[in-house]
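Keep in mind it's a predicted model, so treat the numbers as computed, not measured.
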Amino acid sequence: TAVDTIVKPVLEGMIKEGKKLPEVLELKNIPVAKFKKALLKQYYAAINEGVKNKQITKEEAKMLRAAIKEKVMSWLQTK
């Protein structure tokens, strides 16, 4: 996805240069909603891996997903 292509090298570089995340997303023409969706996908994959490896229970995973989703959705509120 577009988010995956910039997350590591470009995003980190631009933020280190002092740009704010909303500015970087705008410069790269990535809608905030798309960024959030891609970010959640990565978090959920890590949670699923934890369940698969029996590091956390399914119930813990459910609570983590809900908490992470709430937090991510509160970021970069659009007007």
Side-chain angles (χ1 to χ4, degrees):
T1 68
V3 174
D4 295 333
T5 62
I6 71 153
V7 168
K8 282 286 182 194
V10 178
L11 182 61
E12 287 178 1
M14 293 177 92
I15 289 175
K16 285 178 183 173
E17 291 172 5
K19 291 187 175 22
K20 302 288 184 200
L21 182 56
E23 184 182 359
V24 173
L25 294 176
E26 187 175 325
L27 287 170
K28 293 295 178 181
N29 294 317
I30 298 173
V32 170
K34 187 173 186 175
F35 176 78
K36 288 180 181 182
K37 185 177 179 181
L39 189 60
L40 284 172
K41 185 177 177 181
Q42 290 177 347
Y43 276 124
Y44 291 169
I47 292 169
N48 292 341
E49 190 68 22
V51 172
K52 180 180 168 187
N53 294 334
K54 300 187 185 318
Q55 294 169 313
I56 60 173
T57 66
K58 288 182 181 181
E59 187 59 36
E60 289 170 327
K62 184 178 177 181
M63 291 187 321
L64 272 172
R65 280 188 207 98
I68 289 170
K69 183 175 183 178
E70 183 179 330
K71 188 66 158 177
V72 169
M73 296 315 255
S74 72
W75 297 342
L76 304 173
Q77 294 292 325
T78 54
K79 295 175 183 160

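Inter-residue side-chain proximity for Phe35 and Leu21 is flagged as met; some heavy-atom pair is nearer than 4.5 Å. Using a 4.5 Å heavy-atom cutoff, the side chains of Asn29 and Lys34 are not in contact.
Expressed to the nearest 0.5 Å, how far CE of Met14 lies from CG of Leu27 amounts to 4.5 Å. Expressed to the nearest 0.5 Å, how far CE of Met73 lies from CG of Leu39 amounts to 10.5 Å. Note that OH of Tyr44 is 5.0 Å distant from NZ of Lys69, once rounded to the nearest 0.5 Å. For the atom pair NZ of Lys36 and CG of Leu25, the computed distance is 10.5 Å after rounding to the nearest 0.5 Å. To the nearest 0.5 Å, atom CD1 of residue Ile47 and atom CD of residue Gln42 are 12.0 Å apart.
With a 6.0 Å radius and a threshold of 12 heavy atoms from other residues, nucleotides or ligands, Glu26 has its CD atom at or below the threshold.
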Walk me through whether Lys62 and Val51 qualify under side-chain contact (heavy atoms from CB on, under 4.5 Å). CA-CA 10 Å; Lys62 184 178 177 181; Val51 172; over 6 Å; no
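Hydrophobic clustering keeps Met63 apart from Val72 (ILVMFWY residues linked when any side-chain heavy atoms are closer than 4.5 Å, directly or through intermediates).
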